[in-house]
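Notes follow the structure.
By convention in this document, chain letters (A, B, ...) are assigned in the order of the sequence lines, proteins followed by strands, and residues within each chain are numbered from 1.
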Number of protein chains: 2
Amino acid sequence: MKNETIFFQLFEHESSTYTYIIGDNKTKEAAIIDPVIETIERDLKLLKELELKLLYVLDTHVHADHITASGEIRKRTGAKTAISAIAGLDCADLLLEDGQELKLGNKIIKAITTPGHTNSCMSFYFEGRIFTGDTLLIRGSGRTDFQQGSNEKLYQSVHQKLFQLPNETQVYPAHDYGGFTSSTIGLEKKHNPRLGESKSIDDFKKIMSELKLSYPKKIEQALPANLKCGKI
Amino acid sequence: MKNETIFFQLFEHESSTYTYIIGDNKTKEAAIIDPVIETIERDLKLLKELELKLLYVLDTHVHADHITASGEIRKRTGAKTAISAIAGLDCADLLLEDGQELKLGNKIIKAITTPGHTNSCMSFYFEGRIFTGDTLLIRGSGRTDFQQGSNEKLYQSVHQKLFQLPNETQVYPAHDYGGFTSSTIGLEKKHNPRLGESKSIDDFKKIMSELKLSYPKKIEQALPANLKCGKI
């Protein structure tokens, strides 16, 4: 039986970023999530090999650790760039609202606002998979100490939105640093040491306040570029 | 709907090795493929979180680039270690023959001899996925210049065995160095630059003879250890 859904996960080693290609196998319509400028040639080659028609380039948020390939992919494929309306980027073709749906064939990508890591973070649901950006990481979470980060908002996004999805929903984050490639909502509810069901908002605040995180290496280059969809 | 099959892919950054956990969701019986000694704690923790009963530790071959965790996992879980009979390891519990089947619940792992990278390489088929070890890599292949490597055997293993699987079979190799996590038999037939259907055995030999590969960094430690199932 032919798979009806197209799904490929790709990794960029320098920033430990996951990029995803999702699509409908009947119509060959596809989207790419969180592409990185350093790996644009690899990703465009794969899209071509897969004979996909790229409709959307989605960013889960304005990244601070790498430069998005969204603007360049739009230029080279004609796909529409999309990001949360809250990011308010002039350069994006689509400014997505909470609950907004994008079609790939007869399948639907659902945009879900999940602020906390940044104010304009979105997750994308597609065919049993949730792409969580830097909101929910595998056994972790995004940091909340810059770009309007908020512990309250992140906790609420995860508990009131992501954890409402069925337990078997597969979780695909924007990053992983420990060699994990996927999780499930059920596993994160049970085993996420920051955000699991047994953790209160106060537990989460305490954990986040005790993290000793260094300033992101690339933020000075990445943020200004990403506010222009990756224009360097 | 609950997934009937358990599947997790894990990455070890130093040797760029993929480890896989596969299982049957009803009985919770599972196997781990190509575990690495450096990531044993991560993998055992995940097995515990998933509440799996580990029956088998499978190695696709005697690795030259990293030390297997198979012996240590056996010691800590009671799982049986298994490798190709051609490897002839005294330390392994099961010496697998071509076509041999191992059960996880009512699902079957099928061992397929695919020599070429080494003489004792095996691939494992499980529920629409083929774990190809170092035989077939994504848009590449294992090297053939040590451990009884053979261009002829590798080419035949891929063309006469792996490429006979349905095109939609998902390909999961033991390594990737470019950020790919999976492929399909159909994609490799069409786009593998060394082994695709348009390449003859002579094309393959020429390509392999022109690779300028450095001697594997860890071979002096890894091979003797792996001949004892990872005992250092």
[X], [atom1] atom: more than 12 neighbouring heavy atoms under 6.0 Å:
X      : atom1 : answer
A/K110 : NZ    : no
A/K80  : NZ    : no
A/K161 : NZ    : yes
A/K228 : NZ    : no

Query raised in the report: For B/L187, is it the side chain, the backbone, both, or neither that has a heavy atom closer than 4.5 Å to a heavy atom of chain A?
Result: side chain
Requested in this report: Mind telling me whether B/H13 and A/F11 have parallel, tilted or perpendicular rings, with 30° and 60° as the class edges?
Outcome: tilted
Report summary line: Rounding to 0.5 Å, atoms OG1 (A/T184) and CG (B/L50) come to a distance of 8.0 Å
**Report entry** Among B/T39, B/T181, B/T19, residue most engaged with chain A (heavy-atom pairs, under 4.5 Å)
**Finding:** B/T181
Query raised in the report: Pick from B/E49, B/Q9, B/Q170, B/R42: which one has the most heavy-atom pairs with chain A under 4.5 Å?
Result: B/E49
**Report entry** Proximal component of A/S183, with respect to chain B [non-hydrogen, under 4.5 Å]
**Finding:** backbone
Report task. Answer with side chain, backbone, both or neither: which region of A/F180 has an atom nearer than 4.5 Å to a non-hydrogen atom of chain B? Result -> both
Query raised in the report: Are any of the side-chain heavy atoms of B/K190 and A/E51 separated by less than 4.5 Å?
Result: yes
